[in-house]
Amino acid sequence: MAAAPIVVHRPSPSGGRRVTAYGHILGLAHDDQDLIEFLRRAGLPDAETLIDDPQMVEWRGGRAHQWDAA
């Protein structure tokens, strides 16, 4: 199975999680709305449902939808 093209990295010590898509940094998300907006700006359709698709999004170093500082 291939790696998911979108990665939500582990929570940072100051809060938020870096988001990358296809190897490009999209930004630092602090909640699901930030993540959805980054994906929309990147041209990915159906961002609201996409964030729960494990074939498209890999949540690293923490639970999905967890945004607190590490």
Side-chain angles (χ1 to χ4, degrees):
M1 182 171 137
I6 301 160
V7 178
V8 181
H9 298 268
R10 66 178 179 80
S12 73
S14 60
R17 297 173 82 152
R18 185 167 45 105
V19 179
T20 57
Y22 300 97
H24 299 280
I25 297 172
L26 300 183
L28 183 68
H30 288 90
D31 56 32
D32 284 358
Q33 290 302 62
D34 287 348
L35 175 57
I36 290 166
E37 183 60 24
F38 291 155
L39 299 179
R40 282 188 184 145
R41 288 182 185 182
L44 297 165
D46 301 321
E48 293 88 358
T49 57
L50 189 69
I51 64 173
D52 290 315
D53 180 348
Q55 292 183 331
M56 292 298 293
V57 179
E58 177 185 349
W59 294 80
R60 289 187 186 165
R63 292 179 296 129
H65 311 285
Q66 177 185 3
W67 302 99
D68 298 337

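No experiment lies behind these values; they were computed from the predicted model shown.
- Listed by chain and number, the residues in a side chain to side chain donor-acceptor pair (under 3.5 Å) with E58 are R60 (sequence neighbours excluded).
- Proximity of a side-chain donor or acceptor of W59 to a complementary backbone N or O of D52 within less than 3.5 Å is not detected.
- Between G61 and P11, the shortest heavy-atom distance links the atoms O-CD, 3.4 Å.
- Within the structure, every pair that satisfies the side chain to side chain donor-acceptor pair (under 3.5 Å) test and touches residues 16-25, not counting sequence neighbours, is listed here: H9-T20.
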Pairs under 3.5 angstrom only: tabulate donor-acceptor contacts from the side chains of residues 27-36 to other protein residues two or more places apart or in another chain.
residue	atom	partner	partner atom	Å
D31	OD1	Q33	N	3.1
D31	OD1	D34	N	2.8
D32	OD1	H65	ND1	3.0
D32	OD1	W67	NE1	3.1
D32	OD2	H65	ND1	2.8
D34	OD2	H30	N	2.8

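- Rounding to the nearest 0.5 angstrom, the gap separating the CD1 atom in I6 from the CG atom in D53 is 8.5 Å.
- I25 belongs to no multi-residue hydrophobic cluster, having no ILVMFWY side-chain contact under 4.5 Å with any other such residue.
- Of all heavy-atom pairs between A4 and P54, the closest is CB-O, 4.0 Å.
- Residue V7 is not grouped with residue V57 when hydrophobic side chains (ILVMFWY) are merged at heavy-atom distances under 4.5 angstrom, including chains of intermediate members.
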